[in-house]
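Here the structure comes first, spelled out in structure tokens, and everything after it is commentary.
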Amino acid sequence: MDVECYPLSSLPGTTALFRDYADVSGSANAAALRRWYPADPFSMAWAKSSPELSEGHRGRLADALLRQADGFGAGGAVLANIERLRNGAAAVVTGQQVALFGGPLLTLLKAATAIRKATDATAASGREHVPVFWLATEDHDLAEVDQVALLSKSAVETLTLGLKAEKPVPVGGLRVDGGNEEGRLRLEAVLDQASELLGWAPVCEWLRECYAPDANLAGGIGRLLTKIFAAQGLVVMDAAAAEFHALGKSVLLAAIEQVDELDAGLLARSKELEAAGYHAQVLVTPGHSLLFLIDEAGARVPLRRTAEGEWKAGSRVFAAEELLAILESAPERLSPNALLRPVFQDCILPTAAYVGGPAEIAYFAQSAVVYEKILGRVTAVLPRLSATLIEPAIAQTMDSHEVGLTQVFEAKTVEALALRLGARAMPIEGKRKIAAVGNAMDAELNALTEYMTAMSADLGRAAGVSASKMLYQMNRLRRMAAEFEVQKSTSLRKHATAIMLHLLPEGHLQERLLAGIWFVARYGEGLAELLVEHAGQECPGHRVIRL
């Protein structure tokens, strides 16, 4: 398979920590990170060892997953994978927030990577591995998940249900119709708008089935992902359920009983990160804890430590014994924060590896402290497939103008890309004249500046300033010539607009903004298998997938 692969350094907005983590060149920075990330993300060594769970634990896990799978409408491939987990299989886990209609493309890229890594790990180790998708239903950032971005012919259209919550409740349980007639009408209008933008493709019926008026956000995305990856047997899991919290109770208990030790370890790791030139993804301060409490009103409130050693959630103060009593009677009322969540997950599941995006992988530099202190090990974390999907019409336009993805990222705006297209469209005679003058000017100005510098440092500096002004004017002439071509041919701006809209919508990476269902609508059920195929290890950077 031909792979068009770009280095992560070419992507806008990539952090230094993630670039170094995914560096395969053997740099000193990448080697130094191995003290926080013990597993090589581009080898299969992690597949040969994974934690063992008791038979009773596996049985309770499988039973809970089967109950949810029934609610998600799962088929035979999913049910078979759950039985594999019951009988000793390891898991390759990924997860994401419960965003409307499945959220951005990266949700599908994560699922596809977990499926591919599970298949590869089974082949490499001889032990069965199963892909599991962990729904982050306990998050309380409603605005972040109540939206989905689709494309019209000329703009990004952001759809939202306008859901409201009087307090910061876990979003997974919120009904998609808001529980009232106004919300039901709004849901119907959004489904109609989405269907129109998606060209009334078959996936539109999936959306209506998954997001029926009585569905909640967790059930909607759970059913949708189960349908999209039905053939691959993706096991989807709503981790907010009481039975899962009971299975992970020991981690929640450790977060209470070892709070001072964990806090000290995380503060030390933050200093290590800063000393290495990075920054902590999660701010850790004295009195910080790794837990949230669902209070009596259903709000998700962070737990803090007081100077007296008590616990505080909002205005309510708890003794440690009170929290332990809540954990014993209703473990689902305690939930992990971003640093504890992967540890909680890996107590519940037989996780061989976690597939994460750049931010999650950065979190693991801190979460490793919590892993070591609670579980005595650190789970391997693997980068998800990072990709830009290029549709045939866009690919043809890019090829006709000899524009690649790097040039799109460098341009950043429609205007800058249009000028690039205009410069290329210029008659060959004009290009030659401008190039000849520019090259001659560069050579002569460099020679003159060197000569003047040899005479006097002050003269050299003055020559350098004058040369910069002349070069600026030369570049201005180039830009004016390109602008003339853009004005002369309206198709150039139209093509630049289309390329940017599809590949860098509103200045964001396509995978981070544009909905995955946009591509499912256009390319059908075969899209899932295509993404799985591309989620191999031969490209350690960012892929271009031509559809």
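Hydrogens, waters and symmetry mates play no part in the numbers below; they use all other heavy atoms, side chains included.
- Remark: aromatic rings of Tyr371 and Phe364 are close, center separation under 6.0 Å.
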Practice prompt. Using the side-chain contact (heavy atoms from CB on, under 4.5 Å) rule, take Gln97 and Glu144 through it: C-alpha gap first, then chi angles, then the decisive distance, then the call.
Written response: CA-CA 9 Å; Gln97 294 171 304; Glu144 192 169 345; 3.2 Å; yes

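- Residue Glu243 forms a side chain to side chain contact (heavy atoms under 4.5 Å, CB included) with just one option from Arg60, Arg67, Glu332, and that option is Arg67.
- Looking at Tyr6 and Thr406, their side chains come closer than 4.5 Å, going by heavy atoms from C-beta outward.
- In this structure, the side chains of Gln68 and Phe244 come closer than 4.5 Å at one or more pairs of heavy atoms.
- A heavy-atom distance below 4.5 Å is not found between the side chains of Leu503 and Phe409.
- Taken to the nearest 0.5 Å, the CG atom of Asp346 stands 11.5 Å off from the CD1 atom of Ile374.
- One finds the CD atom of Glu328 at 9.0 Å from the CG atom of Leu253 (value rounded to the nearest 0.5 Å).
- A distance of 8.0 Å separates CE of Met44 from CG of Leu382, quoted to the nearest 0.5 Å.
- With a 4.5 Å cut-off on side-chain heavy atoms, Pro350 and Glu52 do not count as touching.
- In terms of heavy-atom proximity, Thr351 sits nearest to Ala353 at CG2-O, 3.3 Å.
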Discussion item. Using side-chain contact (heavy atoms from CB on, under 4.5 Å), reason through Leu151 and His502 one step at a time and then give a plain yes or no.
Written reply: CA-CA 8 Å; Leu151 293 183; His502 284 78; 3.8 Å; yes

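- Residues Thr388 and His542 have side chains that bring a donor and an acceptor to within less than 3.5 angstrom of each other.
- Looking only at distances, a side-chain donor or acceptor of Gln366 sits under 3.5 Å from a matching main-chain atom of Val282.
- There is no side-chain donor-acceptor pair under 3.5 Å between Glu402 and Gln407.
- Minimum interatomic distance between Ala515 and Leu150 (heavy atoms only, all atoms of both residues): CB-CD2, 3.7 Å.
- A distance of 5.5 Å separates CG of Leu262 from CD of Gln258, quoted to the nearest 0.5 Å.
- Geometric assessment of Arg304 against the ring of Trp311 yields a negative cation-pi assignment under the 6.0 Å and 45° thresholds.
- At least one donor-acceptor pair closer than 3.5 Å links the side chain of Arg116 to the backbone N or O of Val532.
- Using a 4.5 Å heavy-atom cutoff, the side chains of Leu290 and Asn337 are in contact.
- Note that OH of Tyr37 and OG of Ser367 are 8.5 Å apart. Values are rounded to the nearest 0.5 Å.
- Proximity of Val520 to Leu198: side-chain heavy atoms (C-beta onward) are nowhere separated by under 4.5 Å.
- Side chain of Arg127 to main chain of Gly88: a donor-acceptor pair is present (N/O by atom type, distance under 3.5 Å, no hydrogens or angles).
- In this structure, the side chain of His245 engages the main chain of Leu334 through a donor-acceptor pair within 3.5 Å.
- Geometrically, Arg223 does not engage Trp206 in a cation-pi contact defined by less than 6.0 Å to the ring centre and at most 45° from the axis.
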Discussion item. Determine whether Leu323 and Leu291 satisfy the following criterion, side-chain contact (heavy atoms from CB on, under 4.5 Å), listing intermediate values before the conclusion.
Written reply: CA-CA 11 Å; Leu323 288 185; Leu291 295 170; 5.6 Å; no

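- For the pair Arg300 (side chain) and Glu138 (backbone), a donor-acceptor distance under 3.5 Å is present.
- Rounding to the nearest 0.5 angstrom, the gap separating the CG atom in Leu405 from the CG atom in Leu509 is 8.5 Å.
- Contact detail for Ile82 and Ala69: the closest heavy-atom pair is CD1-CB, 3.9 Å.
- Looking only at distances, no side-chain donor or acceptor of Glu274 sits under 3.5 Å from a matching main-chain atom of His279.
- Checking side-chain atoms of His129 against main-chain N and O of Val92 turns up no donor-acceptor pair under 3.5 Å.
- In this structure a side-chain-to-backbone donor-acceptor pair under 3.5 Å is present from Asn87 to Glu83.
- Between the side chain of Thr113 and the backbone N or O of Leu385 there is at least one donor-acceptor pair closer than 3.5 Å.
- Looking at Gln96 and Leu135, their side chains never come closer than 4.5 Å, going by heavy atoms from C-beta outward.
- The shortest distance between side-chain heavy atoms of Tyr278 and Asp20 falls below 4.5 Å.
- Checking side-chain atoms of Thr107 against main-chain N and O of Gly102 turns up a donor-acceptor pair under 3.5 Å.
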